[in-house]
Q: 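Just dropping this structure here.
First listed ligand is number 1; within each ligand, the first listed atom is number 1. All values reported here derive from a predicted model rather than from experimental measurement.
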Amino acid sequence: MGFLDGKKIVVMGVANKKSIAWGCAKALMEQGAQVIYTYQNERMKKLVVKLLGTEANLVECDVASDDSIATAFATIKEEYGNIDGLVHAIAYANKEDLAGSVVDISRDGFSLAQDISAYSLIAVSKAAQPILNDNAGIVTLTYLGAERAVPNYNMMGIAKAALEASVRYLAADLSPQNIRVNAISAGAIKTLAVSGVKDYQKLIEISKDRTPSKVGVTIEEVGNACAFLISPLSSGIIGEVIFVDKGVHLS
Ligand code: NAD
């Protein structure tokens, strides 16, 4: 018996077995949920099929495109009916904006990172809203760089600040419909996305060093917190950013 028995949850952002979204999907399934995965494009689909060993429960969704988002959620509605939650684990910025000086960030680079990493939460929440059941949860992933100037995190820190503000406004907007929106601020973990940040190994090492236990957080630990936040067990938590970083944020 799991606390998500019979629930259907959409997980956006699995790229491979190191993805935080994969940690979330595993934890959701451990609690009895059925997971529906969205993937960005054909290249990503191949990776996800390799990981899952099946093409079942996969839906294409490129969050850069309103049409792709609309088609994805229409497909989900048609094939699965209503859903009980949504995990948004998606971010992107140009490599040159994750290094060097913040004053060199271009207008285009700023827009792109904000669009994919922050606006997409608003866009997918709108698309999911009509098919979300009562007491559903939406969870997104953020990082400490939203509130502190972390070396090289630059453009993504700015986008994550917008993402965290979006969580609070969406939460206020959607909670009257009994849809809860929250974020997990995860500690640094070696994934495809993090390798875009210059000297990311240093970021992960520093992060590990700053945990009181000197042990970094895992995708499974982030996933367990995600399962809780998606579930009605967290019914009192609305518009919150919860650190799941083994205490890095304490120092
Ligand atoms: P990841 O590379 O495994 O996942 C990033 C995902 O974003 C990929 O699946 C990619 O396909 C998807 N994506 C990018 N552009 C997209 C688009 N246009 N449409 C649809 N999908 C798109 O890396 P991750 O580290 O697991 O990242 C997941 C989330 O966790 C991100 O929001 C990231 O910023 C956040 N996060 C990561 C860390 C870390 O240290 N790895 C820490 C805190 C927060």
Q: At a 4.0 Å threshold, what atoms of ligand 1 neighbour a non-hydrogen atom of G187?
A: 40 (O), 42 (C)
Q: V63 versus I116: any side-chain heavy-atom pair under 4.5 Å?
A: yes
Q: Just to confirm my output: which protein heavy-atom neighbour is closest to atom 20 (C) of ligand 1, and how far is it?
A: C61 O, 3.4 Å
Q: Quick one: are V35 and N57 in side-chain contact, heavy atoms under 4.5 Å?
A: no
Q: Looking only at atom types and distance, does a side-chain atom of S65 sit under 3.5 Å from a main-chain N or O of D62, one as donor and one as acceptor?
A: no
Q: Looking only at N/O atoms, are A186 and ligand 1 under 3.5 Å apart anywhere?
A: no
Q: Going by heavy atoms in the side chains, are L51 and V14 under 4.5 Å from each other?
A: yes
Q: Among the heavy atoms of K190, does any lie under 4.0 Å from an atom of ligand 1?
A: no
Q: Specify the protein heavy atom at minimum distance from atom 43 (C) of ligand 1: its residue, its atom name, and the distance to 0.1 Å.
A: T142 O, 3.0 Å
Q: Look at atom 34 (O) of ligand 1 and say which protein heavy atom is nearest, naming residue and atom and giving the distance to 0.1 Å.
A: K160 NZ, 2.8 Å
Q: N/O to N/O below 3.5 Å, does that happen between N16 and ligand 1?
A: no
Q: If you have a sec, work out which protein heavy atom is nearest atom 5 (C) of ligand 1 and how many Å separate them, to one decimal?
A: A89 O, 3.8 Å
Q: Atoms of ligand 1 less than 4.0 Å from L192 heavy atoms?
A: 2 (O)
Q: Which of the numbered atoms in ligand 1 are under 4.0 angstrom from any heavy atom belonging to M44?
A: 11 (O)
Q: Between I189, V14, I69, N41, flag the one that comes closest to atom 41 (N) of ligand 1 by a heavy atom.
A: I189
Q: Check for me whether S65 has a heavy atom closer than 4.0 Å to any atom of ligand 1.
A: no
Q: Please report which non-hydrogen protein atom sits nearest to atom 2 (O) of ligand 1, along with the residue it belongs to and the distance in Å to one decimal place.
A: A193 N, 3.0 Å
Q: Please determine if K246 and E221 form a salt bridge, counting it only when a charged side-chain N lies under 4.0 Å from a carboxylate O.
A: yes
Q: Does a side-chain heavy-atom distance below 4.5 Å link M156 with L98?
A: yes
Q: Which residue and non-hydrogen atom of the protein lie closest to atom 18 (N) of ligand 1, and at what distance in Å?
A: D62 OD1, 2.9 Å
Q: Any nitrogen or oxygen of T191, side chain or backbone, less than 3.5 Å from one on ligand 1?
A: yes
Q: Any link between Y200 and Y153 through a network of hydrophobic side chains (Ile, Leu, Val, Met, Phe, Trp, Tyr) touching at under 4.5 Å?
A: yes
Q: So is K18 polar-close to ligand 1, meaning N/O to N/O under 3.5 Å?
A: no
Q: Test of understanding: given a 4.0 Å heavy-atom threshold, classify the contact between V194 and ligand 1 as side chain, backbone, both, or neither.
A: side chain
Q: Any atoms of ligand 1 less than 4.0 Å from a non-hydrogen atom of L141? List them with their elements.
A: 29 (C), 30 (O), 32 (O), 35 (C)
Q: Among side-chain atoms of D97 and N154, is any donor-acceptor pair under 3.5 angstrom?
A: no
Q: Counting C-beta onward and ignoring hydrogens, is there a side-chain heavy-atom pair between M12 and Y39 closer than 4.5 Å?
A: no
Q: State whether the shortest distance between N or O atoms of Q40 and N or O atoms of ligand 1 falls below 3.5 angstrom.
A: yes
Q: Using only atom types and a distance under 3.5 Å, with no angle test, would you say the side chain of S234 pairs donor to acceptor with the backbone of L229?
A: yes
Q: Where the closest heavy atom to atom 19 (N) of ligand 1 is concerned, which of V63, L163, L144 has it?
A: V63
Q: Look at the rings of H249 and F243 and say which category their plane angle falls in: under 30° parallel, 30 to 60° tilted, over 60° perpendicular.
A: parallel
Q: Going by heavy atoms in the side chains, are Y119 and Q114 under 4.5 Å from each other?
A: no
Q: For atom 8 (C) of ligand 1, what's the nearest protein heavy-atom neighbour? Residue, atom name and distance, please.
A: G13 O, 3.7 Å
Q: Quick one: are L163 and L141 in side-chain contact, heavy atoms under 4.5 Å?
A: no
Q: Would you mind telling me if ligand 1 is within reach of the side chain of I90, the backbone, both or neither, using heavy atoms under 4.0 Å?
A: both
Q: Looking at atom 38 (C) of ligand 1, what's its closest protein heavy atom, distance included?
A: I20 CD1, 3.7 Å
Q: Closest heavy-atom contact between V244 and A225?
A: CG2-CB, 3.6 Å
Q: Which atoms of ligand 1 are found less than 4.0 Å from any heavy atom of A91?
A: 7 (O), 14 (C), 31 (C), 32 (O), 34 (O)
